[in-house]
Amino acid sequence: KGFYILHHAILSSLSSLSAYCGGSSIGDVHGFVPHISSSKVILPSTRTSAFVVNEKLSSIPRALSLPKILASNTRATRLFSAVAAIDNDKYTVQILMSDTGGGHRASANALRDAFDTLYPNQFECDIVDIYTEYGPFWPYDDYVRCYKIMAEYSFLWEAFYNFGTTPFGLWLNELLLETFCFDSFKDCMTRNTQFTDQTKGKRADMVISVHPLCQDLPLKILNYIDSEGESREGGRTTPFATVVTDLGGAHPTWFNPGVDKCFVPSDVLYQCACDRELTSNQLVLHGLPIRRGFWADDSLSASSMTDDAKYENDDMNNKIKTSQREALRSKLGLDLSSPAVLVVGGGDGMGGIVETAKCLGAKLAGGDDNDYQMVVVCGNNKVAQEELSKMNWSSGEVGDGIDIAGGRRKGINVVVNGFVDNMDEWMRSCDVIVTKAGPGTIAEASICGLPCMLSSFLPGQETGNIPYVENAAFGKYSGDPKIISETVFNWLQNPEMLSNMKDAALKVSRPTATLDIARDLAEMAFTAKKHNQK
């Protein structure tokens, strides 16, 4: 089916282009990437225009997306690669970030993977932690360590964050960055790429920011470079885009009216950007860029479906999902039928994961006569992983005076992991997730239809993630491990409630966001190069 759709769309588009361009060469066709929705095939036919093939895809599963088409049909893959290769130009993209938290690099890697998927061998990404690698001195070159310290003592981070949102804080940060970091950051943004012979010896064709402190100064540097030193306030010709990686709240420095495009993941942040004087022409709402494993979910976002189509073929889809879930559980060594809870602390292992896991394990082990499973992913928190791995979960006490009710000593299977690279599989195998209120984990959980019990948050940018989840009705927040345990246990006792929360999570999910963002970014690069060649 995927090959048929792609073949039909390509023939239609080439015919239309031939008429539109007066028989121009096929070499004028760029960025040829199909986007499939539940009712249309949308094909960007040129760098600056697109047309729609209005063909109802009633026989195509809602889950069908470009990566699935290409992965499931070798001929489609070869055909797609051939069409994408028509543009022989190589494009270099510099993605600016800092490793203050795991989400920024994860988003950068996701965009790189999306470019590779949509435009094989056409885009090269230079992902750089501009502060660590090019900060001139402390604290700029030590932001990552400083962030970890303040995140551990959250009152420090809250004070620092709130000061930075004030008019004086914004002005001071802008002044200090330009005064001390302009020259060193300019070295970063003018550095030559070394990916291939074609891109060797030139700076990036486009710059993307996935960090709140990578807007203002990089824009001034590009103005200076493109105007050949004439101005820091204007003259930029290099495309610049911001991809916001927060979800329910964001620092004001994310939103700079000087960008070409600003990609936001939620309605809340769309309004935040408008409040910072970005226009509707600059703003694009696709969702949060997430890891490749979450692109090919078995359902499209419910918000993108009509009411009539929303529950079409649900019985078939549920059977497929059940089969896939059983296969995943078997692969991961989990019981096929027992309810499972996933406890995560983020890539940095923050969020009081040890106490939460202890209380939840005790509750699940002694709450009733059913069997349960708990998977704990500690991330890079090796101390937590070691402590939880040593525990005897089948004993009458799990530590710190937490007793298993009724002396029951069986009924819970506990798996303790460190950092994992298959989080999509663990999420799709479980029934509930207990997590720090990180934006990436919440977005990924919603794609998997996973109810979220939020256990902690970083004051500031993560504060808004709590009402984002609660208002969407697919989760709750508590910082008390006992309340967390009681809440999750009650969810597991109520299958109807869990089902409603799952539907609510899917309703706000945006599984195509990463590919949609990459597609729009590529169009920006194509258009800019075409304009600069005139």
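All of these numbers come straight from a predicted model, not from anything done at the bench. Values below: every heavy atom of this structure, side chains too, minus hydrogens, waters and symmetry copies.
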Subject >> Electrostatic pair Arg519-Glu523, nearest N-O below 4.0 angstrom >> reply: no

**OP:** Please check if any side-chain donor atom of Gln385 sits under 3.5 Å from a side-chain acceptor atom of Asn381, or the reverse.
**Re:** no

**OP:** May I ask you to decide if the ring planes of Phe526 and Phe123 are parallel, tilted or perpendicular, using 30° and 60° as cut-offs?
**Re:** tilted

Original post:
Parallel, tilted or perpendicular: which fits the ring planes of Tyr161 and Trp157, with parallel below 30° and perpendicular above 60°?
Top reply: tilted

Subject >> Flag if over 12 foreign heavy atoms under 6.0 Å of OH, Tyr143 >> reply: yes

Original post:
Among Leu454, Thr441, Val375, Val377, whose side chain to side chain contact (heavy atoms under 4.5 Å, CB included) with Ile433 holds?
Top reply: Thr441

Original post:
Looking at CG of Asp520 and NZ of Lys261, how far apart are the two atoms once the value is rounded to the nearest 0.5 Å?
Top reply: 7.5 Å

Subject >> Within the 6.0 Å centroid threshold, strictly below: Phe182 and Tyr140 >> reply: no

Subject >> salt bridge (charged side-chain N to carboxylate O under 4.0 Å, His left out): pairs with one or both residues in residues 136-145, sequence neighbours excluded >> reply: Asp142-Arg145

Side-chain donor/acceptor pairs under 3.5 Å, residues 240-252, sequence neighbours excluded:
residue: Thr242; atom: OG1; partner: Gln215; partner atom: OE1; Å: 3.1
residue: Thr245; atom: OG1; partner: His104; partner atom: ND1; Å: 3.2
residue: Asp246; atom: OD2; partner: Trp254; partner atom: NE1; Å: 2.9
residue: His251; atom: ND1; partner: Thr253; partner atom: N; Å: 3.2
residue: His251; atom: ND1; partner: Thr253; partner atom: OG1; Å: 2.9
residue: His251; atom: NE2; partner: Gly164; partner atom: O; Å: 3.4

Subject >> Carboxylate-amine/guanidinium proximity below 4.0 Å for Asp260 and Arg236 >> reply: yes

Subject >> Pair Asp216 + Arg276: basic N to acidic O under 4.0 Å >> reply: no

Original post:
Does the pair Asp126/Arg191 count as a salt bridge with the N-to-O cut at 4.0 Å?
Top reply: yes

